[in-house]
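Taking it in order: structure first as structure tokens, then the write-up.
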Amino acid sequence: MRIAVMGTGGVGGYFGARLAAGGHDVAFIARGTQLDALRTKGLRVESPRGDLHLPEVAATDDPATLDPVDLVLFGVKLWDTEPAAEQIRPLLRPETAVVSFQNGVAKDEILGRILGPEHVLGGVCYIAATIAEPGLIRHSGPMQKLVFGEYGGRSTARVEAFRDACAESGVDAEISPHIERAIWEKFVFLVGLSGTTSLARTPIGPIRANDRSRAFLHDVMEEVVEVARASGVPLPGSYADDRMAFVDTVPETMTSSMHHDLERGNRLEVAWLSGDVIDRARALGVPAPANRAVADMLSVHAAGRP
């Protein structure tokens, strides 16, 4: 496949590197020191699933300099979604797929509005990967999985081709006939994890061990479930309890990318996480006081440190 990676961060850098090492034609779209490193040193990955080094990669900051592609792997920060979507227009043919592995549920609504819903695949990724230094992606833990599919659940050649490309490249991949539900399932846990670890400035271990913070985490996730159900997404009413059971299985050191961003003084994605929950809850007439507390308190830090 011919693939463009829009946003060569932890997710785009990792999966793009695996696909390139698997023999696919991958171009990386990046900026700043990351782009400089890609051009001069290539792209490296350190991973429990095997290290790799691509000494030469196609890298640019201007998608218009590339030929059209079969698929765009879209992984910019959420606040960059609209301008980045406009930038990738020259990469699209009528059958080109754009699959976002960003956080949140608003991502595909934005892409569909700008690029047309016919180009958008739903996608969810499960990985802990960050830019350790320019040109180096560090993957923590063995999990590296992509779940994707067409909205509406139909099977298409482009989805099957991407699954096959992942298999050829050593990437765990699954086609979901219920991708909207899969996105919301991850969103429930993500909103809970990001909101509570950021507010408490601690990994998940102390939060789940304290009765009051544990109850707050449950309430945050329960509100997301109720918003999903009110939106027509068929999550079971007990899904927050299911996620709490999952919380008890993860390492106590687990935290969120938003907590990392807060500690580093970076801009936060809270407006697209708990902030999006309260916007949808307000429109649907669903109460969401716990998510309002998260969004209101983290708004102090949402723009990052000057």
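- A cation-pi arrangement, defined by a distance under 6.0 Å to the six-membered ring centre and an angle within 45 degrees of its axis, is present between K186 and Y126.
- Within the structure, every pair that satisfies the salt bridge (charged side-chain N to carboxylate O under 4.0 Å, His left out) test and touches residues 232-255, not counting sequence neighbours, is listed here: R214-D248.
- Taking 4.5 Å as the limit, some side-chain heavy atom of E185 sits within range of a side-chain heavy atom of L235.
- Heavy atoms only, all atoms of each residue included: P287 and E223 are closest at O-CG, 4.0 Å.
- With respect to the salt-bridge test (charged N to carboxylate O, under 4.0 angstrom), the residues D70 and R93 qualify.
- What you find for I127 and Q144 is that their closest heavy atoms are CD1-CB, 4.0 Å.
- Using a 4.5 Å cut-off on side-chain heavy atoms (C-beta onward), I207 and T197 make contact.
- A salt bridge between R282 and D279 is present, with a side-chain N of the basic residue lying under 4.0 Å from a carboxylate O of the acidic one.
- A distance of 8.0 Å separates CG of D61 from CD of Q87, quoted to the nearest 0.5 Å.
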For I110 and E82, what are the C-alpha separation, side-chain angles and deciding distance, and is it a side-chain contact (heavy atoms from CB on, under 4.5 Å)? CA-CA 7 Å; I110 299 169; E82 293 191 26; 3.5 Å; yes
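- Ring centroid separation for the pair F246 and F189 comes in under the 6.0 Å cut-off.
- No donor-acceptor pair under 3.5 Å is formed between the side chain of S169 and the backbone N or O of V171.
- Both V227 and I183 belong to a common hydrophobic cluster when Ile, Leu, Val, Met, Phe, Trp and Tyr are linked at side-chain heavy-atom distances under 4.5 angstrom.
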- Item | Working for side-chain hydrogen bond (donor to acceptor under 3.5 Å, both in side chains), residues S47 and H139 | CA-CA 5 Å; S47 168; H139 173 212; 2.7 Å; yes
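- Using a 4.0 Å cut-off between a side-chain N of Lys or Arg and a carboxylate O of Asp or Glu, R44 and E133 qualify as a salt bridge.
- A 4.5 Å side-chain heavy-atom check between V57 and V26 finds every atom pair outside the cut-off.
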Between F162 and F148, is the side-chain contact (heavy atoms from CB on, under 4.5 Å) condition met? List the steps. CA-CA 9 Å; F162 185 40; F148 47 86; 3.5 Å; yes
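- The CZ atom of R31 sits 4.5 Å away from the CG atom of D80 when rounded to the nearest 0.5 Å.
- Note: E180 CD to F187 CZ = 12.5 Å, rounded to the nearest 0.5 Å.
- Note that CZ of R138 is 12.0 Å distant from CD1 of I131, once rounded to the nearest 0.5 Å.
- Note that NE2 of H119 is 12.5 Å distant from CD1 of I114, once rounded to the nearest 0.5 Å.
- Scanning both residues, S299 and D296, for their nearest heavy atoms gives OG-O, 2.5 Å.
- Within the 4.5 Å cutoff, no side-chain heavy atoms of L91 are placed close to those of T96.
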Residues E263, R201; criterion salt bridge (Lys or Arg N to Asp or Glu O under 4.0 Å); working and verdict: CA-CA 8 Å; E263 293 297 304; R201 295 200 175 207; 3.6 Å; yes
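- Of the possible polar contacts, none joining the S274 side chain to the V270 backbone as a donor-acceptor pair under 3.5 Å is found.
- Heavy atoms only, all atoms of each residue included: A230 and V286 are closest at CB-CG2, 3.8 Å.
- If you check the side chains of T8 and Q34, you find no donor sitting under 3.5 Å from an acceptor.
- The neighbour count for R267 CZ, taken as heavy atoms of other residues, nucleotides or ligands under 6.0 Å away, is above 12.
- Cluster membership check: F101 does not share its hydrophobic cluster with M6, using side-chain heavy-atom separations under 4.5 Å among Ile, Leu, Val, Met, Phe, Trp and Tyr.
- Taking both residues in full, the closest heavy atoms of V45 and A17 are given as CG2-CB, 3.7 Å, listed atom of the first, atom of the second, then distance.
- Tracing side-chain contacts under 4.5 Å through hydrophobic residues (I, L, V, M, F, W, Y), one never reaches I29 starting from L19; they form parts of separate clusters.
- Contact of the Y151 side chain with the D108 side chain is registered, since non-hydrogen atoms from C-beta on lie closer than 4.5 Å.
- Residue D211 places its CG atom among 12 or fewer non-hydrogen atoms of other residues, nucleotides or ligands, all under 6.0 Å distant.
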*Could you give me the CA-CA distance, side-chain angles and deciding distance for F15 and V5, then say whether side-chain contact (heavy atoms from CB on, under 4.5 Å) is met?*
CA-CA 9 Å; F15 289 109; V5 177; over 6 Å; no
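- The backbone N or O of V233 lies less than 3.5 Å from no partner atom in the side chain of S231, so there is not a single donor-acceptor pair.
- Taking a cutoff of 4.0 Å between a charged side-chain nitrogen and a carboxylate oxygen, R280 and E109 qualify as a salt bridge.
- Annotation: side chain of L115 is in contact with side chain of I88 (closest heavy-atom distance under 4.5 Å).
- Side-chain atoms of K107 come within 3.5 Å of backbone atoms of S100 as a donor-acceptor pair (strictly under, hydrogens ignored).
- Looking at E46 and I137, their side chains never come closer than 4.5 Å, going by heavy atoms from C-beta outward.
- No single ILVMFWY cluster, assembled from side-chain heavy atoms under 4.5 Å apart, contains both V124 and L71.
- The only member of K145, R49, R163 that meets salt bridge (Lys or Arg N to Asp or Glu O under 4.0 Å) when paired with D172 is R49.
- Between I179 atom CD1 and L121 atom CG the span is 9.0 Å, to the nearest 0.5 Å.
- Residues V250 and V220 are members of one and the same hydrophobic cluster, defined by side-chain heavy-atom contacts under 4.5 angstrom among Ile, Leu, Val, Met, Phe, Trp and Tyr.
- With a 4.5 Å cut-off on side-chain heavy atoms, I204 and T255 do not count as touching.
- A donor-acceptor contact shorter than 3.5 Å is absent between the side chain of R181 and the backbone of P234.
- Annotation for T81 and F74: closest pair O-CZ, 3.7 Å, computed over non-hydrogen atoms.
- Here the options are P203, S256, S257, S198, the test is side chain to side chain contact (heavy atoms under 4.5 Å, CB included), and the partner is L193; only S256 passes.
- Side-chain atoms of Q102 never come within 3.5 Å of backbone atoms of G75 as a donor-acceptor pair (strictly under, hydrogens ignored).
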Where do L146 and E174 land on the side-chain contact (heavy atoms from CB on, under 4.5 Å) test, with the steps shown first? CA-CA 6 Å; L146 299 178; E174 175 186 328; over 6 Å; no
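- For the salt bridge (Lys or Arg N to Asp or Glu O under 4.0 Å) test, no residue two or more places apart in sequence or in another chain qualifies with E160.
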